[in-house]
Amino acid sequence: MRQALPALSAFTAGLYFSACQVGYFIALEFHLSTTFVAYFSAIGLWLLGGLVGLFLPWRSLRVPLVFGGLAAYYLHGFVLSQFPYNLFVLPLSLACIFTTALYSGYFSGMQDVTSAPPKPFFFTRTTASCSGTSSPLRNCCSTGR
Amino acid sequence: MEARQLWILVCAGMNLILAQYWIMREYQLVFASSEVSVLLAAVSFFASCSLGYLLAPKRLERLFPWLCLLLFLMHLLLPWVFKEVAAIFYRWELPHITPTLMGLGIFLVAPLYTTLLPFFVGAREEAEGRITGEAVTRCYGLELCGALAGIVAVLTAGRIGILPLLVLYFLNFSLILAYVFGSRRVLYLALPVSLLYGFLYLPLERAASEDFYRSRDVEPNLRLLATTQSLYNRIDVLQKPSGEKLLLLNGREYFNPTDLESFNRYLAGIPSQLMPGSKVLIVGTGSLSSVYHASRSAATVESVEIDEQVVRLTKDLFRDFNHLETVKNWRLHIDDAKHFLGSTEERYDLIAIDMVPPVYIQTALLFSREFYELAKQRLTPGGVLSIYTGGWFGEVDLKLDVYSPVKTIDEVFPEYLVVNSREAGMAFVYASPHMPFGKRELLRLLEESGTSEQDKVFEPSEARPLITHNRASSMEDLRIVLEWAPTGYRDFVSFFGFGVWP
């Protein structure tokens with residue numbers, strides 16, 4: 001059980017991060033713009049958020065970052081649906097992506113390396129990303145928004 | 001081998017992004033580009049990254065540098081070998097093997113880079129003699145920095161084309177190769193090879209693409225006149241031995257001078273003729289032939305196109321069809337159609353949707369009820385929306401739960417006309433809040449052009465009984481993306497347990 005817990009945690013995190021990424025891209029695609037500038041800026045801000053989150057030194061940020069990230073995700077969806085095709089919303093959209101991505105870096109940086117060695121940790125997290133990416137994308141193709 | 005040169009992780013991170021971009025762009029031609037093939041490529045990419053983490057060695061053994069060298073050579077050959085192998089499968093009439101081929105190809109790319117992160121983390125912890133999270137933070141941070149640099153490269157150098165990105169990719173690979181061999185001599189050899197690749201890539205890629213098209217279309221004398229890769233599309237212009245030119249976007253035929261020339265006449269020419277002096281907007285450009293057809297009767301014609309490269313290439317190569325030198329009332333907007341229509345204050349008398357089929361979520365959204373509602377808001381009170389349906393109206397539409405563009409239009413517009421065109425091989429719909437022309441005027445125009453005998457026109461009262469059990473497309477139901485995906489891909493994805501397609 002002690003060994004399974006870190007793997008489960010990495011897997012769930014991988015699912016959560018990739019589902020958030022796909023969710024953000026779909027929201028951008030549906031309500032704002034599908035130009036490459038919007039798309040690659042979103043990926044760039046996600047990576048930047050991960051990078052900043054990785055170096056956050058405080059150990060008690062887990063809960064605020066998870067809930068802050070989720071709040072940013074839903075705020076993004078709400079604002080975009082209220083102001084569709086308005087490019088002035090893009091900075092707010094990118095700020096939301098950055099906020100959600102903070103936890104992706106923080107989660108990796110705060111891993112207890114004695115119980116979750118890097119090799120299985122990254123393997124499990126990335127494997128989870130496979131289904132975290134494919135399921136929402138496939139569901140979007142069939143059920144839409 | 002020293003694990004102190006952590007900067008190599010920056011190269012690995014950058015190459016992971018560049019490889020992902022390269023794969024998505026490069027193989028669109030061979031793998032019948034659609035959202036389903038993008039989905040497959042994304043899954044294969046993540047799975048191959050996982051494989052790299054799983055296989056990461058504790059030490060870079062003697063075999064590892066030679067494996068890297070082999071991969072370097074394979075990556076150099078990848079674009080041509082893949083197209084040639086796909087051409088062989090097409091000649092053997094086994095095109096459905098291509099998704100497997102794509103998966104295997106991706107597995108040769110990403111694992112090399114993801115192997116390096118666990119190796120460096122492990123090596124640093126060993127060097128420090130204790131287990132600490134600091135190594136993960138530093139190493140993973142550097143890899144993320146590389147990935148960010150990769151995004152910046154795509155956003156800047158990627159605007160020129162794929163070539164600068166590929167040269168950057170192989171320069172990074174050369175540094176990794178020199179590192180794993182621990183030899184500067186390897187770097188001195190690999191760097192010129194990477195630069196030389198920049199000179200050889202385009203002619204060799206062109207030859208392989210031409211051969212692929214010849215095998216796919218079973219036309220041994222097909223010529224590839226021009227090719228370019230933008231950030232959105234791969235655009236090719238082919239010429240048949242008869243001199244006929246074809247425009248292909250991501251390997252799919254978008255324009256030919258016979259049935260697709262009729263397509264443009266029905267989509268833009270006929271409604272424009274019935275509304276002389278109108279203000280026209282055409283969504284999508286392709287060969288620009290629809291601009292010519294509309295401009296002959298319209299006061300002004302505007303086009304909105306997301307990909308500037310399409311216009312740049314077709315402007316001259318399809319001059320015989322678009323006659324742009326005679327069109328003086330045309331204006332081009334480079335923008336996403338949804339964003340353009342959502343943000344413009346202009347109103348149009350005619351909006352014609354001249355888009356590629358709904359094979360991606362991006363394009364499927366332009367076939368949805370919500371997009372038609374948006375277009376309706378941008379029409380003048382007697383304005384008309386003109387769309388193509390991709391099929392013959394009144395035959396397949398009787399089936400249950402089948403997507404019908406006419407049904408989607410019927411949910412948005414109170415008045416419309418459906419015309420089945422024999423010449424174009426499909427039906428077109430002209431819809432409006434208040435139709436400025438009726439069935440009689442349309443039939444008279446078809447009579448003048450000599451096609452009234454072959455074509456059939458439906459009014460809403462005649463069309464509605466035929467679409468009762470059909471399905472409209474909306475943001476809540478994008479099944480058309482799957483329905484338009486190549487059959488081989490649907491079966492392949494279903495077979496590997498991604499759920500039952502609706």
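Residue numbers begin at 1 in each chain, while the letters A, B, ... track the order of the sequences.
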Contact origin within [X] toward chain A - heavy atom pairs under 4.5 Å:
X        : answer
B:Tyr140 : both
B:Ile306 : side chain
B:Phe45  : neither
B:Leu54  : both

Most heavy-atom pairs under 4.5 Å with chain B, out of A:Gly50, A:Gly109, A:Gly44, belong to A:Gly44
Specify which of B:Asp307, B:Leu144, B:Leu341, B:Thr137 makes the most heavy-atom pairs with chain A at under 4.5 Å. B:Thr137
I'd like to verify something: which residue of B:Val152, B:Leu117, B:Asp335, B:Ile334 has the highest number of heavy-atom pairs under 4.5 Å with chain A? B:Leu117
Working to the nearest 0.5 Å, report the span between NZ of A:Lys119 and CZ of B:Phe119.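 The NZ atom of A:Lys119 sits 12.0 Å away from the CZ atom of B:Phe119.
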Which heavy atom of [X] sits nearest to which heavy atom of [Y], and what is that distance?
X        : Y        : result
B:Ser50  : A:Phe123 : O-CD1, 3.2 Å
A:Cys130 : B:Ala47  : SG-N, 3.4 Å
B:Val136 : A:Ser108 : CG1-O, 4.0 Å

Taking only heavy atoms into account, what residues of residues 83-97 of chain A are found under 4.5 Å from chain B?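 Checking residues 83-97 of chain A against chain B gives A:Tyr85, A:Leu87.
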State, yes or no, whether a side-chain contact exists between [X] and [Y] at a heavy-atom distance under 4.5 Å.
X        : Y        : result
A:Leu47  : B:Ile17  : yes
B:Thr114 : A:Thr126 : no
A:Phe25  : B:Ile361 : no

B:Arg138 atom CZ: more than 12 heavy-atom contacts under 6.0 Å: no
More than 12 heavy atoms from other groups under 6.0 Å of OH on A:Tyr39: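 12 or below, so no.
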Is there any ring pair (Phe, Tyr, Trp, His ring centres under 6.0 Å) pair reaching into residues 42-73 of chain A, and which pairs are they, with sequence neighbours excluded? A:Tyr24-A:Tyr73
Given A:Phe30, which of B:Glu370, B:Gln362, B:Met475, B:Lys338 fulfils the side-chain contact (heavy atoms from CB on, under 4.5 Å) condition?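 Of the listed options, the one satisfying the test is B:Met475.
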